[in-house]
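All remarks here apply to the structure that follows.
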Amino acid sequence: MAELITYREAVAMALAQEMERDDTVYLIGEDVAAAGGVFKTTPGLLERFGERRVRDTPISEEAIVGAVMGAAMNGLRPVAEIMFSDFLATCWDLIANQIAKTRYMTDGQVALPLVIRTANGGGVRFGAQHSQSLENWAMSVPGLKVVAPSTPRDVIALMAASVRDPDPVIFFEHKGLFASRGEVPDGELVGRLGEASVVRSGSDATILALAAMVPKALQAADELSARGIEATVVDLRCLVPLDTRTILSAVAETGRVFTVEENPRLCGWGAEVVSIIVEEAFYDLDSPVVRITTDHIPLPASDILEDATIPSVTRIVDTVTRSLD
Amino acid sequence: MAELITYREAVAMALAQEMERDDTVYLIGEDVAAAGGVFKTTPGLLERFGERRVRDTPISEEAIVGAVMGAAMNGLRPVAEIMFSDFLATCWDLIANQIAKTRYMTDGQVALPLVIRTANGGGVRFGAQHSQSLENWAMSVPGLKVVAPSTPRDVIALMAASVRDPDPVIFFEHKGLFASRGEVPDGELVGRLGEASVVRSGSDATILALAAMVPKALQAADELSARGIEATVVDLRCLVPLDTRTILSAVAETGRVFTVEENPRLCGWGAEVVSIIVEEAFYDLDSPVVRITTDHIPLPASDILEDATIPSVTRIVDTVTRSLD
Amino acid sequence: MNVAAVAGPDLDTRLRIYRMMLEARRFEERSYQLFLEGLVKGTTHLGIGQEAVAAGFSAAMRADDLTFCTYRGHNHTLLRGAPPGRLMSELLGRSEGVCGGKGGSMHLTWAPTGAMGSYAIVGAHLPIAAGSAWAAVERGTGQVAVCFFGDGATNIGAFHEALNLAVVWDLPVVFVCENNLYMEYTPIGSVTAVERPAADRAAAYGLEGLLVDGNDPDVMYETASDAIALAREGGGPSLIEAITYRHGGHSRADPGTYRPDEEVRQWLARDPIPMYRTRLAGAGASEEQLGGIEQSVEAWIEAAVEEAKAAPEPSLDSIATEVWADGGSRWRN
Amino acid sequence: MNVAAVAGPDLDTRLRIYRMMLEARRFEERSYQLFLEGLVKGTTHLGIGQEAVAAGFSAAMRADDLTFCTYRGHNHTLLRGAPPGRLMSELLGRSEGVCGGKGGSMHLTWAPTGAMGSYAIVGAHLPIAAGSAWAAVERGTGQVAVCFFGDGATNIGAFHEALNLAVVWDLPVVFVCENNLYMEYTPIGSVTAVERPAADRAAAYGLEGLLVDGNDPDVMYETASDAIALAREGGGPSLIEAITYRHGGHSRADPGTYRPDEEVRQWLARDPIPMYRTRLAGAGASEEQLGGIEQSVEAWIEAAVEEAKAAPEPSLDSIATEVWADGGSRWRN
Ligand SMILES: Cc1ncc(C[n+]2csc(CCOP(=O)(O)OP(=O)(O)O)c2C)c(N)n1
Ligand SMILES: Cc1ncc(C[n+]2csc(CCOP(=O)(O)OP(=O)(O)O)c2C)c(N)n1
Ligand SMILES: [Mg+2]
Ligand SMILES: [Mg+2]
C-alpha cells in the first residue's frame, strides 16, 4: 500500500532503510543526531541506530568531508551532511580535488563509496549565501556523481542507489521541496542513478528540469496545454551519470527544447545539456534551444525579489509560448 | 619600440606598472616576495616596492583571500596570488560566497576592487591536482570577472585593466604559456575587459579558444588552411564580461563553430558559449557546434597520457576536418 | 575569568550603554513579533541576552572603527550606527532596507558607520576583518577592526588562519568570541577539544587567553577599551572569549528545548539589562534618568517599526542592480 | 625537545632502520638523477635528509596501519612497502607505476600495504587520515593512522579542523609534523605566530606538545612506538613535531639558495645516515653487517631503476579508465 509522505520524511526513511541493511553505513554532520537535523531530515536516526552511527560534528566542514573520505577508504560507507549546499564551498578542496580525483590518481587502488547530502536551492528567503542551486559545481568536476531528486519517492530510491554506489555521490536535497508530499510504495525502494524520468508527454516541446523546477515545469505544461501546447517534461534526476538517451529521444520527438534551471545562467547544467543536444541532435531541432534560468546574479533575500528571480511558472509558460509563436 | 618578452615576465611588468602608478596596489601570496614567486612571475617587485607592498604569507589560502577582501573594503586595491588555480578550492567560500556576492548583498555599499591571480592549466606533468583549467568555476559564479590571457601583451594590458577594475577579478595565468614570448610596445599598456580578439580570419569555420588553447587553435588553423579550410580563430581573453558580439558575428560569418577548451567537458565555458550561440544565432548555424575539450576525467600525470588528454593541434585539425566533410 | 570586577566607565557612558542594550533588546523583540506577524520572512537569529557584548564594544569604539559580525548581528549593526528604521526595513525586505532588501536578516550591513557586514557562513569574516585591519595599517588610518563570532566558529579552519595571520602581521583587529554555550542545537563542549573554545587556544597564536563575563556591560566596555587601545597603539590583535547566553533558540525555527531548564533559568536571572539597571541605580542613576531612557527607547522603536512598515516593497528593477560597480548586472557586451 | 636521548630498539631493528634510511636515500638520489636525465617529468620533492622520520615510523608501525603523507613522500610510501621498481616506474610515468602513470611523483599510493596516498594540496590529508582512523575504530580493526605533513601545513585551516575532530572523537591517529624549517622558499618562522608551529599548538587541542629530534632514528622509533601504542590502546591522537632538514631545495626547480650556508653546513653535518652508522658501529654492529646492508641496497636500487627503465609506457587506453568503480569514465548512458 502506498503511503503519502513528505520529501523531508523521505530523507530519514531512505537513510534508515540503508542503515538497517548495511551496518557500515554511518551518518555524520552538524546537528544531525540529537537535533534530527536543522531541516528535520534525520529525526529518529540517532535513537534507532545509536550515537556511534549517527554523530554530531563540530562546525568543521573540511573535517566532516575529510572524515568520510578517510572512512570510505577504510571500509565504511559513510554519509555526510553539509547543512546548506552553499557550504560545499568551505570544503570544496576536499570534494573537488581529493574525493573526486583519488580513484583516478591511484589507478583504482582507492575506492570511495560515500555520499555527501546537502540542502540546496532557494525560495525560502535565506538570501544569497543560503539559497544557491549548485548542482553545476559538482557536475563540472570529473569523478563526482550528482543526484537531485524532485519527489519523496525519488529521494528514497536515489538515496538508496547513492549509498550503494561504489563511487562518491553529491546528493542535493531541495529546501523548497522539503514540505512537499508524494506517494511511496511499501517495502524497500532502490532506484538507479542515471535514469531521467519522463513525467509528462507532449509532442510540441520538451522541457528539461531538475529538482524544484520539475513541479514548476509540470504546472507550466498544464497551463501550456490549456493554450494548446503539449509539452514533454523530463525530470533529469541525475546529472552524472546523465541520461542523454532519454534527453535526445525527447528532443527527436518534439524538435523544440527548453531547460528550466534554478542556477544562475553561466555554466549551468542546462548549458552542458544544450551543448550535447546541439552536437548530437542538431538536425532534430526545429528552433533555438532556450534556457530559462535564474539571471546571472546572486539571489536577493526579499521574497518579492527572490520570487521574481528564480524561474517561475509564468516565465516558463511565457517563454515557451513566445518561442513557439 | 616593441620588446620581446615572456608571458612570465609580463606578469611582473604588469604588476610593476600598476604598483608604480597607484600606491594602494599591494601584492600578497605564498613566496611572492623574497623568492619572486614559485613560477618566477614576481621577481624584483619586493626590491622595487618594499616589504610592505609585496608580502609573503603563510600557507593559509582563506586568510590570503579574506585579507584582500577586507583590504579592498577599506581602501586598498590588493592583488593576491593563489599559487595554483587548483587551490582556489581551498578558499572557494571566500571567493564564491563572500567576494562575489558582497556588493550585491549590500546593495552597492561595499566595493571590492581586488584581483586574485593564479597559475592555471596543464601540460607540465604536475598531475590532477596542479593542472586544472578552472576558468569555468569562476565563470559560474555571478559577481566575479574572469580573465585568461594568451599572450604577454594581453597579460600586461588585461592585468592593468583588472587592477583598475572596481570589481573583483579572477586572473588566470597559464602555466604552459609562462615561457612563451611575445611583443609588447613601450610605455603604459592598459586593455579593456570583455573584448575578445579575432586573431585569425577565415570564412569556413570559427574556432573559439582561450589561454593555452589559442596558440594550438592558431596552429591548427594553419594546418587546416593547408587542407583548404580557412578558419577564424577568436581568443576570448575574458569570460566575464563575455564579448558575445564578437562571438556572434564570427558565427554569422562562418556558420560553423568549434570551441577548444582545456577544461574537462561538463559545464566548461564552451558549454555556455554554445548555449548562447544556439539561442541567439541558431539560424546562422550550418552544422552542429562541436566542442573540443579535455575528456571528463582528472588529468593524468604521465607526459604521454597528459598530452593525449588535453586538446591537441591534431585533434583540432581532425575534428574540424571531419565535421566539415 | 580574567577580568573579575571592574570600576566601569563614567555614569554618562554607562547610561549610554544601558540605552544601547535596551535599543538592541527592543529592536530584536519587535523584529520577532514582526516575524510572527509574517512581515519578516526567511529566518532571524536573535541576540537577546547577549546585548552587553555589543553595547560594551560599540560604546568603546571610535566612529571610524570597523565591525564585522555574524547573522546574529542585528545588535552589532544597530549599535554601530545603522539607522533603525532602515535596518528594520531590511528585515521586512523593503526597498528602504539598508541593503535594499537584497541582504535580509543574515546580511545586515551599514558601511557608512563602519558596520561592515553580518556574515552568514561561519568563520569567513575572521580573515576579512584581519584584511580590513591590514588596510588600516597600510593607509595609516588608525582604525581598529572588531570581529564578533560564535563559539562554534572556533572549530572552523578560517578561525585558525585568521588568528595566525593577524598575529604575524601584527594587525589592529580584536577577535571576540561570543560563547553562548551552543552552536545551533549542539553544545559547544561536546565537539571541542578544549574547555574554553577561544581562550584555551589563544596561546596557539602567541596571545593571552582572555575570558570575560559577557553579560557584564562594564566588563565588556573595559575589555573592549583595553583591546582596542592596544590594537590602535600597534600592539596587535587580541582574542577575547565572552561568556554569554541567548535567551531564545538559535533561530526563529528553534524553541531551544535542548537546553536544561535550570540552565535557562539561571541565565535569565543574569539578564544583562535588569542587572545593569540595578547596578546603575546603585551607582547614582536616578529613576528619572533610567525611566527616561526606557520611555525614549519605546518611542524610538515604535518609530522604527512604523517607518519599516510604511516602507515600499522593492521594485523588481532593483533585482538586476549592483552586481557590478557600474550599477548593473550585465555579464556580456 | 621532549625526548632528549633514548635507548633505542634492539640491534636488529636498528639495522633494519639503517637499511630503510639508506633505501629511501638511494631511491631519491636516483630519482633525481633520472630527473636530470629527462626520464622523470614534472616535478619531484625529495626528502633527502629527512629519512629518520620515515624510517623510525615505518619500523614502528604494524603491517595494517595506514600512512598518509605529502608530495614529499617518496620515502614514506617506499618504506611502508610499495614495490621499489613500480614506485620508480610511477615517477617515470610508466604503465607499471603504482598508479599506472596517472598519479606521478606527487601522488604515490600503494594501498595494499597501507600507503594510503601522498597528498599534494597542503593540509588536506589531515582530516582524511582522521577519517580512516575513525573507520578503524568503528570496524574494530585496531589500525592506527599516521599522518605526516610539513611545518607549513600547520597554518592551514584543515590542520585545525582535523586536530580538533581527532581529539573530540578520540581517534587512533598520529599527526607528525616534519618541521624542516622552510615551506617552499619562505622560513616557517616568518609566517607563524608561535616558535614551534606544531608543538606550541598542541595545547589548543588538549594535547601534549611533543618536540623531537627528527634526525635521530632511535628517537623517532621510540616516539612513534609510544604514540602508536597510545592510539592503539584507545588513548587517542598525538601531535609530534620532528625537527629535521631537507638537504636540497623544495623541488627540482629550487637550488635552495635562500638558506644561509652555515645553516646548511650544520645540518649536513647532522645527516641522519652517517650519524646513525657511527652510532650503530659503536653499539656493536660490525663493519660487515653495515657494509653488507650498503651493498645490498646498491643492488636493490639498481634493480628498481632497471625495472622502471624497462617498464613500458602506458597505453593511451588507460587514460579513460578508473574514474569510476566500473573501471571506466562514462558520464552518460
Ligand atoms: C560554514 C558553516 N557551517 C554551518 C553553518 C550553519 N550554522 C549557522 S549558525 C550555526 C551555529 C553557529 O554557532 P556559533 O558559532 O556558536 O554562533 P551562535 O549561533 O551561537 O551565535 C551553524 C552550524 C554555517 N552558517 N556556516
Ligand atoms: C593549499 C596549498 N597551498 C600551497 C601549496 C603549494 N605548496 C606546495 S608545497 C608548499 C610548501 C609546504 O611546506 P611544508 O608544509 O613545510 O612542507 P615541506 O615542503 O617543507 O615538506 C607549498 C606552499 C599547496 N600545495 N597547497
Ligand atoms: Mg554559540
Ligand atoms: Mg617545511
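Here is how names work: the chains are called A, B, and so on, in the same order as the sequence lines, proteins then strands, and each is numbered from 1.
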Q.
For the NE2 atom of B:H296 and the CZ atom of D:R332, what is their distance to the nearest 0.5 Å?
A. 12.5 Å
Q | B:A308, part contacting chain D, at a heavy-atom distance under 4.5 Å | A | both
(Q) Which one wins on heavy-atom pair count under 4.5 Å against chain B: D:V191, D:V122, D:T43? (A) D:V191
Q | Residue pair D:M183 / B:T57: nearest heavy atoms and the distance that separates them | A | CE-O, 4.0 Å
Q) Quick one: CD1 on D:I156 to CD on B:E61, what's the gap to the nearest 0.5 Å? A) 4.5 Å
Q. So, B:D303 side chain and D:K41 main chain: donor-acceptor pair closer than 3.5 Å or not?
A. no
Q | Rounded distance [0.5 Å steps], CD in D:E184 versus CD1 in B:I59 | A | 7.0 Å
Q. So which of B:H130, B:E62, B:E306 has the largest heavy-atom pair count under 4.5 angstrom toward chain D?
A. B:H130
Q. Counting heavy-atom pairs under 4.5 Å to chain B, which of D:G152, D:C99, D:A120 comes out on top?
A. D:A120
Q: Return the minimal non-hydrogen interatomic distance between D:Y185 and B:D31, and the atom names on each side.
A: N-OD1, 3.1 Å
(Q) So for D:S318, is it side chain, backbone, both, or neither that comes closer than 4.5 Å to the heavy atoms of chain B? (A) side chain
Q.
Between B:V38 and chain D, with a heavy-atom cut-off of 4.5 Å, which part of the residue counts as in contact: side chain, backbone, both or neither?
A. both
Q. How about B:E51: does its CD atom have over 12 heavy atoms from other parts shown lying under 6.0 Å from it?
A. no
Q. If you round to the nearest 0.5 Å, how far is OG of B:S302 from CZ of D:R94?
A. 9.0 Å
Q. Which one, B:P58, B:P300, B:A35, leads in non-hydrogen pairs under 4.5 Å with chain D?
A. B:P58
Q: Give the member of D:V323, D:I319, D:T192 that has the highest number of heavy-atom pairs under 4.5 Å with chain B.
A: D:I319
Q. By a 4.5 Å heavy-atom criterion (distance strictly below it), what part of B:D295 contacts chain D: side chain, backbone, both, or neither?
A. neither
**Q.** Min side-chain heavy-atom separation D:H107-B:Q129 under 4.5 Å
**A.** yes
Q | Which atom of D:G42 lies closest to which atom of B:F126, heavy atoms considered | A | C-CE2, 3.9 Å
Q: Return the minimal non-hydrogen interatomic distance between B:I297 and D:S329, and the atom names on each side.
A: CG2-CB, 3.7 Å
(Q) Counting heavy-atom pairs closer than 4.5 Å to chain B, which one of D:G101, D:S251, D:A124, D:G104 comes out on top? (A) D:G101
Q) Should we count OH of D:Y32 as having more than 12 external heavy atoms under 6.0 Å? A) no
(Q) Has B:S60 got a side-chain atom pairing as donor or acceptor with D:N155's backbone, closer than 3.5 angstrom? (A) yes
